[in-house]
Amino acid sequence: MDKERVHNLLFVGVVVVTGVVVENTYLLQVMTFIGINTLLALGLNMLMGYAGQVSLGHGAFYGIGAYATAYLSGTLGISPWLALVCAIFLAVGVAFVVGRPTLKLSGYYLGMGTLGFGMIVHILFREAGSITGGASGFVGIPMLTLGPLLFEGGQSYFYLVWAVVFGAIFLCRRILDSKTGRALAAIHGRENAAVALGVDAHSLKLTVFMFSAALGAVAGFLYAHFVLFISPDSFGFMASVKMVTMVVIGGMASVWGALIGAVVITLLPEVLHGFADHEMIVFGLILMGVMIVMPQGLTKGVMERYARYKKRA
Amino acid sequence: MLELKNVQCRYGRITAVNGVSLAVSKGELVSIIGANGAGKSTLFSAICGLVTAWDGEIRFKGASLKGLSPSDIVSRGISMVPEGRQIFAPLSVMDNLLLGSYCVKQTRGARKREIARMMELFPILGERRDQPAGTLSGGEQQMLAIGRALMAKPELLVLDEPSMGLAPKIVKMIFDTIQQLRAEGVTIVLVEQNAGAALAIADRGYVLETGKVVLEGSAGALLCDEGVKQAYIGGTPHSPPRDELLLIGA
């Protein structure tokens, strides 16, 4: 069995055992949030880490997924699973419309463009009160059911979220190992050379943007049916920044990096509760420290250090 | 096979290529030589669809390339080896080669055979197949760039300054490979500043100056031309067979 398969099996095993062993509801809840954040980081990592495109407005797709399912299943009463399909289509459609002109930009300009998009969507969530519930939020999101199964938080939701995460990791890996993945790496490194080989850089970037929007929408769907109450602040500028931080801290262009980034960014605030008013300062200092010591992100940084240590030993 | 008629390319107000006309027949090796800023690389980019021609026409196998994207052009059988190699440094040699066939629809078996052919043509790439391409030497990177372009099974191979920044021994090796490809039937356009080496292996040549073709003719005649020698080769005076050459605008 190759190394990668062993890692994958180990990862699945750890998650399955964790779900069985951990009975504390709070811990299960935190680990469910890690799963949801992993989905967000995976999607953005495909765009930032592999295609080399910055998005500072990805919170919008997270919100579109959450509000679409909230409105369709909570207000209109349609099945949440059908609402999920609609949410994905909506997010992908919006990504197509926004990405077509925006992805012709690059660097800071692309960052600014996506930032503006994220802000507009955030304002829409706040102002379209009749659909979204406005600034006070949306109440009345139904719990997820699948036949006799009721996903009401705790263990069942934990497994649901992580099953989706496994699926997303598998999908990302398949894409990255295909010729599309190679083309993504090529446009990240040398876009002109990739174009000269016949890679249609713009449509490839747009496709990845839509794919990451779809993953964001799925994360939004899982979030909405988990917390059962959503408000615009969960999908604003800070949410987008948090996603970027997860990708950068974990390590760009690494599927495992997305997972590590999600673990760190979800767990740190929980661990730092003891610092009370100084929590955010300590949080910021830790992130700065990681970036100074391991600018390539935790995953690659730790692996490189381990390889150096092994070579010396 | 390739025909350019009065092609003009501009960057804003600057005209980089000004009314270039040239023709390349099937199986030929044609060199386009000229000094820095003569418009060679812009002409290369125009042929490959990386720069849109402002005016004029580029035809390949009788069909116009106007409005076609680089991917369409690669699909029609033109492959390019860009200036400065432009290999994908973090990717392995194998991945770089596979990217060359991005536009080609082929079975896994056919792709494997193509890879094997490249490894045969450039044995060093076979030895380094899993190594990141950025760790290869300049000469090896140039071989990889050529191999990558050949993966698309082109009918026309356009090379931009393949000798740039390489040691004379490596340049000779690269040019030997180009000759070998030509012998295998690949039509080649070689855009070069190293006029002596480029004309030595070419059938015909064009001399570009400030965006215009100023001289064209057989490679042998161009090599003996006094003006070409003084401007681009720096050789000793030799009987100039100017009657064999076509002086543009003379």
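Every chain is numbered from 1 and lettered A, B, ... according to where its sequence line falls, protein lines coming before strand lines. Everything quoted here is computed from the prediction, not taken from an experiment. Every heavy atom of this structure was used, including side-chain atoms; hydrogens, water molecules and symmetry mates were not.
Only the side chain of B/Leu50 comes within contact range of chain A, judged by heavy atoms closer than 4.5 Å. Heavy atoms closer than 4.5 Å to chain A are found in the backbone of B/Ile87, but not in its side chain.
Ring centers of A/Tyr50 and A/Phe211: at least 6.0 Å apart, outside the cut-off. In this structure, A/Phe96 has its ring center at least 6.0 angstrom away from the ring center of A/Phe209.
Using a cut-off of 4.0 Å between Lys/Arg side-chain N and Asp/Glu carboxylate O, B/Glu114 and B/Arg117 are scored as salt-bridged.
Atom OG of B/Ser163 sits about 3.5 Å away from atom CD of B/Glu192, to the nearest 0.5 Å.
Heavy-atom pairs under 4.5 Å with chain A peak, among B/Val74, B/Asp72, B/Leu99, B/Asn96, at B/Leu99.
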